[in-house]
Amino acid sequence: MEFPEEEKKSLNFIEAIIEEDITENKNEGRIHTRFPPEPNGYLHIGHAKSICLNFGLADEYNGLCNLRFDDTNPTKEDVEYVDSIKEDISWLGFEWDGEPKYASDYFEQLYEWAIKLIEEGKAYVDEQPQELISEQRGIPTRPGIESVYRNRPVEENLELFAKMKNGEFPTGAMVLRAKINMSSPNMHMRDPIMYRILHQTHHRTGDKWCIYPMYDWAHGQSDFIEGITHSICTLEFEIHRPLYDWALDQIVEGSYRPRQIEFARLNLSYTVMSKRKLLELVQGKYVSGWDDPRMPTISGFRRRGYTPESIRWFADRIGVAKRDNVIDVSLLEFSVREHLNKVAPRKMAVLNPVKVIITNYPENEIEQLPVNNNPNDENAGTRMVPFTKEIFIERDDFMEDPPRKFFRLGPDREVRLIGAYIIKCEDYKKDADGNIEEIYCTYDVDTKSGGTGANRKVKGTIHWVSATEGVNAEVRLYDRLFLDEDPAGHKDKDFKEFLNPDSLKVLKDCIIEPSVTDLNNCDNMQFQRLGYFSIDKESAEGKLIINRTVPLRDSWAKRK
RNA sequence: UGCCCGAUGGUGUAAUUGGCAACACGUCUGACUCUGAAUCAGAAGAGUCCAGGUUCGACCCCUGGUCGGGCAACCA
């Protein structure tokens, strides 16, 4: 499915940079981007922005985009994450160039470059304790203090570094530091650490290595090895750029050189996007897993019924810039509705039922009525829905004492049942507490859909399900992603305070029309007037569990 | 009291080499409809953080402020 026409935008700032680079024929006009996740969690909607950007730019300029796992910290990483990341990117509809790449594939090369650095007197082994190194680095407003090991002879550094590699020292005993500038106003330039000792099994290299490069000694080099031209990352790496360039200066020969460009990460209202916090939700069993339908992860959205198209449209719409932003979830939901409105077949379900008895309809009769699958799509066809003497309608669709502008059912009022007849309310029964128990109506045979009297105008049309032929299911209704308050401005508060304690309980019985059970798992549908839904992949024993993807806009509800 | 970013309608993004601020969402009207959805038509809403300067002319360039974000992990 193509993007909506009107969405063609003018250039964003990254496109402008790229076009300029092409004009100047930098890197022979080649465009090669990359998406470099650390496999330490599942991808979330924020990553989707980065994915769409990197892969999208490559498409747009006939370039390539790599998938590279930035796996330089074995303590947090796992193959489970590698697999989920690949799956999510593919599901979004993007294809990376060649095989997935791994920073760990370059460990040998990185090590050799580090030796070269030492030989040139630009790096040294520091065996001071972590706390001391950190203290000596100083504070942003004051210069740091040089390490006593800073001027260690090259030979000694070489020897020590080799021993580090060979596992002769315990974890944390010493590090390799770049010799740059201890009084730089940029903290990252104050002799940054390039290698640390970590006796930790790596998910890919196993126990082959016990020293691991830091981000700053791995990222730019990896970009260089892969021939990346535009290394696009989020704003928090802006301060690393001088170091990125410094690291490249040490290895680049010739004219090809990657370039780092930063953009503002996505913030979504009502949505927690910190990987650390999401991990906490998973580990604390607040949710059923990374793909819990309430999670703002790509897999969570998938399970909830979001489509890849809708997420891509969303990413396209929010644009890219350098200023901090908070995007309202309603824009995401708009994108979802926009797509689902076109493709989701319409079905009927009643969430909060009240029984309607059609007094002049024959007992035991079951009439199969053809109902449009999608009135906006002529090719969508029809389905048969059973109509019977007793039906359920939504409790909200009947009012004893209707206010002005209420178009649905009430005493002596007429209403059309979708795909069926016009009915008129003649009477109703209340229980001891005053709740409506049953509503008695008559139907007008001539008004059957497509029939002779079908053109008669009534103000309202409501949905219904046969009381005797309908099927029972469970629906999960989720409101915002799982926060009932906007976390913006509450950064430091414990985010669990915002976790809606009722969100898992929003599980209701509902009655659905039989044709719903024909849907394949995870297919999308629209329950008319209720929203878009999808069948959960984990249907309970015999009972369908249905997630609400997103509610329909409801201007009547807003009135109230 | 350091360094690096940023600042345009409610929100997000635009504005060819400086030429009287555009688009989308949202909001509000109205029309239509066998979904109070969708669709269609229309409207309101910013004078571009502030103060100077350069210029015939500045959102755009310069200077100085203000506000917001980031930076002191052997994380990425």
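Chain A is the first sequence line, chain B the second, and so forth, proteins listed ahead of strands; every chain is numbered from 1.
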Exercise for the section: Mark yes or no for a side-chain to base donor-acceptor pair under 3.5 Å between Arg553(A) and G36(B), with no hydrogen or angle criteria applied. Expected result: no
Exercise for the section: Among C5(B), G2(B), A38(B), find the nucleotide with the atom closest to the side chain of Glu238(A). Expected result: C5(B)
Exercise for the section: Verify the contact: side-chain N or O of Ser134(A) to OP1 or OP2 of A73(B), cut-off strictly under 4.0 Å; return yes or no. Expected result: yes
Handout entry: Pairing nucleotide - G12(B), Watson-Crick or G-U, each distance under 3.5 Å
Key = C23(B)
Exercise for the section: Answer yes or no: side-chain N or O of Arg323(A) and base N or O of U8(B) forming a donor-acceptor pair under 3.5 Å. Expected result: yes
Handout entry: Stacking of Phe407(A) on G36(B) base (centres under 5.5 Å, planes under 30°)
Key = yes
Practice task
Report the nucleotide, chosen from C5(B), C74(B), C34(B), that has the shortest atom-to-atom distance to any side-chain atom of Lys457(A).
Solution key: C34(B)
Handout entry: Side-chain donor/acceptor of His188(A) to base of A73(B), under 3.5 Å
Key = no
Fill in the blank from the handout: The glycosidic conformation of G42(B), counting syn as within 90° of 0 and anti otherwise, is anti
Handout entry: Stacked pair Tyr215(A)-A76(B), distance under 5.5 Å, angle under 30°
Key = no
Practice task
Quickly work out the Gln260(A) CD to C5(B) C1' distance and round it to whole Å.
Solution key: 13 Å
Exercise for the section: Record whether the side chain of Ser330(A) comes under 3.5 Å of the base of C25(B) through a donor-acceptor pair of N or O atoms. Expected result: no
